[in-house]
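The structure displayed is predicted, hence computed values, not measured ones.
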Amino acid sequence: MLKRALKLQGGGCPQLLVKGQAFAVKRDLYLVGFGKAVLGMAAAAEEILGDHLTRGIINVPLGIQESLQRAGMQEMLLKPHSKIQVIEGAKNNLPDEEALKGAVAILELAEGLTADDLLLVLISGGGSALLPAPIPPILLQEKEKLTKTLASRGAAIQELNIVRKTLSMLKGGGLAQLAHPARVVSLILSDVIGDPLDIIASGPTAPSSHSVQDCLQVLTKYNLLHSLPKSVETVLSSSPAKPTAPENYSHVSNIILGSNTLALEEAKRQAEGLGYAALVLSAAVQGEVGRVATLYCQLIQLVCLGFSSLGEGPLSDELRGNLLQLAAELQIPALDLDEFLQALRGLGPDRPVCILAGGETTVQLQGTGQGGRNQELALRVGLGLHKAQATGASSPQGRCEILFLSGGTDGQDGPTEAAGAFCSPGLVAEALQEGLDVEAFLRNNDSYTFFSQFQGGHHLLVTGLTGTNVMDIQAILIRATERP
Ligand SMILES: Nc1ncnc2c1ncn2[C@@H]1O[C@H](COP(=O)(O)OP(=O)(O)OP(=O)(O)O)[C@@H](O)[C@H]1O
Ligand SMILES: O=C(O)[C@H](O)CO
């Protein structure tokens, strides 16, 4: 991905070419990066930049080098004696002392740059946790606790990062301002729906479109305004009313290199290679995990109905109506469900179908269990399909084999060892035979414990850290077992 986008043209004054835009390397060329996907990006960049690179620092998740090494993904690792220093930190995607050390090193490098320097910044999701530099007197632990509480109360990534930006020296454009007057070129792998530059990794090189007022609104919404640490109150009360104006970013170019759409395109190619008729629903599925699970259950039922003699009729009309209403309620951007359903109808029952989708759900934590949004989604879909099946012999699912999988492309779902999980309509009944009550696990947000115990962990998706991060992916496989 980076190799396709980045080129270096030699000569007396070499030029960096990114997607057709040229940037002169007048004197020194520095590289910094932070996020779950920047190790592979840095390895590719180093190969392209060669001797022109002066020095680099990247902050990457703890254990990622070992994970990629174990997976034999040598091309995503830096060469021995690399000029790029790697700092591993942020275990379980939470900022820690190591990440702070990395952030300080990047801050110092940026501060020392001159107008003749070029700073190449590699940014990917997970960058927020890997670049923590709280504005004094806020302590790292205070900021971590605040963001953790916000996340557990179901705050969306936009809301979370509005708060992070306001409390950080490097986020919300801070890195770009510190690097001034150097030329700053940021290459970004997006893990946020709609690719908003000032939200991805909390936008360290992007002009912020949010004010301290927006931050206060988020804190009020999640009932946190009156329990803030003193240090946070101090910083909020002295924050400028408006963020730095976009005119002050004329030395910066932010360029998006890829997103969830890329991963879905590749998944579609793979599914077709395996003989499936593959269709992409959306790269922007969002919303509360329970509602998204209902959306998928209804979609699965509608596909199975299309495969059966019940394909047209009142049941199909009702399901279709419900599905359209739910999709509208979830406000999934640019989703044309009508067009998608028409494309589905055109597929027919002869080939198995693979429906692919991507995005990010939100989970409002009620319990104290271990899990992640993908495992919770898979478990909720398993429960939904079970309930639909139990409603009667005419259930369209009875005529299909179904498998639903949800996983984080970064290989880590919430603070667990798994990337996600898969389920089928039989999961709830099979679990009961093992004495596992799915609904009880869900009430405690304990999807990881459930999947670890159920059939010896067979339904868990465990990949290890993958070195990328473009949100989550869902794959639904459906095969007709009965012909109309
Ligand atoms: N027990 C749980 N059950 C379900 N979801 C959980 C649980 N614990 C945490 N989560 C969810 O996991 C998410 C955090 O997961 P993770 O650290 O993988 O985030 P991420 O959004 O993928 O990170 P990034 O985008 O920074 O890479 C939060 O949305 C949180 O609500
Ligand atoms: O790092 C972050 O803030 C999230 O992954 C969104 O980019």
As a quick check of understanding, evaluate side-chain hydrogen bond (donor to acceptor under 3.5 Å, both in side chains) for Gln270 and Glu266, giving each step before the final call.
CA-CA 6 Å; Gln270 294 287 336; Glu266 182 53 31; 2.9 Å; yes
Walk me through whether Gln141 and Glu97 qualify under side-chain contact (heavy atoms from CB on, under 4.5 Å).
CA-CA 10 Å; Gln141 293 75 6; Glu97 289 301 327; 3.8 Å; yes
Could you walk me through whether Ile332 and Ile193 pass the side-chain contact (heavy atoms from CB on, under 4.5 Å) check?
CA-CA 9 Å; Ile332 299 170; Ile193 289 170; over 6 Å; no
Could you give me the CA-CA distance, side-chain angles and deciding distance for Phe454 and Val438, then say whether side-chain contact (heavy atoms from CB on, under 4.5 Å) is met?
CA-CA 10 Å; Phe454 177 54; Val438 166; over 6 Å; no
Should Met73 and Thr466 be marked as a side-chain contact (heavy atoms from CB on, under 4.5 Å) after you check the CA-CA gap, both sets of side-chain angles, and the distance that decides it?
CA-CA 9 Å; Met73 298 171 89; Thr466 58; over 6 Å; no
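Side chains of Ile199 and His210 form a contact here, defined as non-hydrogen atoms less than 4.5 Å apart. Side-chain contact between Asn161 and Val192: absent, with no pair of heavy atoms (C-beta onward) separated by less than 4.5 Å. Counting heavy atoms from C-beta outward, Ser424 and Ile402 have side chains that stay 4.5 Å or more apart. For the pair Lys36 and Asn93, the minimum side-chain heavy-atom distance is below 4.5 Å. Two residues are said to be in side-chain contact when any heavy atoms from C-beta on lie closer than 4.5 Å; Leu427 and Leu385 fail this criterion. Leu405 is not listed as a side-chain neighbour of Gln474, based on a closest heavy-atom distance of 4.5 Å or more. Residues Val303 and Cys400 fail the side-chain proximity criterion, which asks for heavy atoms closer than 4.5 Å. Side-chain contact between Glu98 and Glu88: absent, with no pair of heavy atoms (C-beta onward) separated by less than 4.5 Å.
We find that Arg70 and Glu66 are joined by a salt bridge, their nearest charged nitrogen and carboxylate oxygen being less than 4.0 Å apart. The residues Glu142 and Lys145 are annotated as not salt-bridged, no charged nitrogen and carboxylate oxygen being separated by less than 4.0 angstrom. The residues Glu233 and Lys230 are annotated as salt-bridged, a charged nitrogen and a carboxylate oxygen being separated by less than 4.0 angstrom. A salt bridge between Lys387 and Glu439 is present, with a side-chain N of the basic residue lying under 4.0 Å from a carboxylate O of the acidic one. A salt bridge is defined here as a Lys NZ or Arg NE, NH1 or NH2 lying under 4.0 Å from an Asp or Glu carboxylate O, and Glu272 with Arg269 fails to meet this definition.
Listed here is the closest heavy atom pair of Ala99 and Ala129: CB-O, 3.7 Å. In this structure, Gln370 and Asp446 approach most closely via the heavy-atom pair N-OD1, 2.8 Å. Closest approach of Cys423 to Gly382, counting heavy atoms only: SG-N, 3.5 Å. Closest heavy-atom contact between Ser190 and Val470: O-CG1, 3.6 Å. The shortest heavy-atom contact between Pro243 and Ser208 is CG-O, 3.4 Å. Heavy atoms only, all atoms of each residue included: Ala103 and Pro132 are closest at CB-O, 3.3 Å.
Using modelled atom types, one side-chain atom of Thr409 and one backbone atom of Met471 make a donor-acceptor pair closer than 3.5 Å. Put simply, the side chain of Lys171 gets close to the backbone of Leu131: a donor and an acceptor are under 3.5 Å apart. Of the possible polar contacts, one joining the Thr147 side chain to the Glu144 backbone as a donor-acceptor pair under 3.5 Å is found. One N or O on the side chain of Asn374 and one on the backbone of Gly407 form a donor-acceptor pair closer than 3.5 Å. A side-chain donor-acceptor contact under 3.5 Å links Asn444 to the backbone of Thr368. Of the possible polar contacts, none joining the Thr481 side chain to the Glu401 backbone as a donor-acceptor pair under 3.5 Å is found. A donor-acceptor contact shorter than 3.5 Å is absent between the side chain of Asn92 and the backbone of Gly414. With Ser67 contributing its side chain and Gly63 its backbone, the two residues share no donor-acceptor pair below 3.5 Å. With hydrogens and angles disregarded, a donor-acceptor distance shorter than 3.5 Å links the side chain of Arg153 to the backbone of Tyr222. Although no hydrogens or angles enter the test, the distance criterion places no donor-acceptor pair under 3.5 Å between the side chain of Asn322 and the main chain of Leu319.
With hydrogens and angles left out, the side-chain atoms of Asn445 and Gln366 include no donor and acceptor closer than 3.5 Å. Looking only at atom types and distance, the side chain of Ser128 has a donor-acceptor partner in the side chain of Ser202 under 3.5 Å away. Gln375 and Thr416 share a donor-acceptor pair across their side chains, judged by distance under 3.5 Å alone. No side-chain donor-acceptor contact under 3.5 Å links Gln213 and Gln217. Looking at Asp198 and Ser209, their side chains do bring a donor and an acceptor atom within 3.5 Å of each other.
Taken to the nearest 0.5 Å, the CD1 atom of Ile162 stands 12.0 Å off from the CG atom of Leu167. Annotation: the span from Asp191 atom CG to Leu189 atom CG amounts to 7.5 Å, rounded to 0.5 Å. Distance check: Met41 CE to Leu187 CG gives 6.0 Å after rounding to the nearest 0.5 Å. The CG atom of Leu197 lies 5.0 Å from the CG atom of Asn254; values are rounded to the nearest 0.5 Å. Residue Ile123 holds its CD1 atom at 12.5 Å from CG of Leu130, rounded to the nearest 0.5 Å. A distance of 7.0 Å separates CG in Asp413 from OG in Ser447, rounded to the nearest 0.5 Å.
The local environment of CD in Glu434 is crowded, with over 12 non-hydrogen atoms from other residues, nucleotides or ligands closer than 6.0 Å. Residue-environment remark: CD (Glu417) stays at or below the threshold of 12 foreign heavy atoms within 6.0 Å. By the neighbour-count criterion of 12 heavy atoms within 6.0 Å, atom NZ of Lys242 is sparsely surrounded, having that number or fewer from other residues, nucleotides or ligands.
Classified by interplanar angle (parallel below 30°, tilted 30° to 60°, perpendicular above 60°), the ring pair Phe422/His458 is perpendicular. Between Phe441 and Phe450, the ring planes are perpendicular. Angles over 60° get that label, and only those under 30° would be called parallel.
For the pairing with Val38, the side chain to side chain contact (heavy atoms under 4.5 Å, CB included) check across Asn59, Leu2, Ile58 returns one residue only, Ile58.
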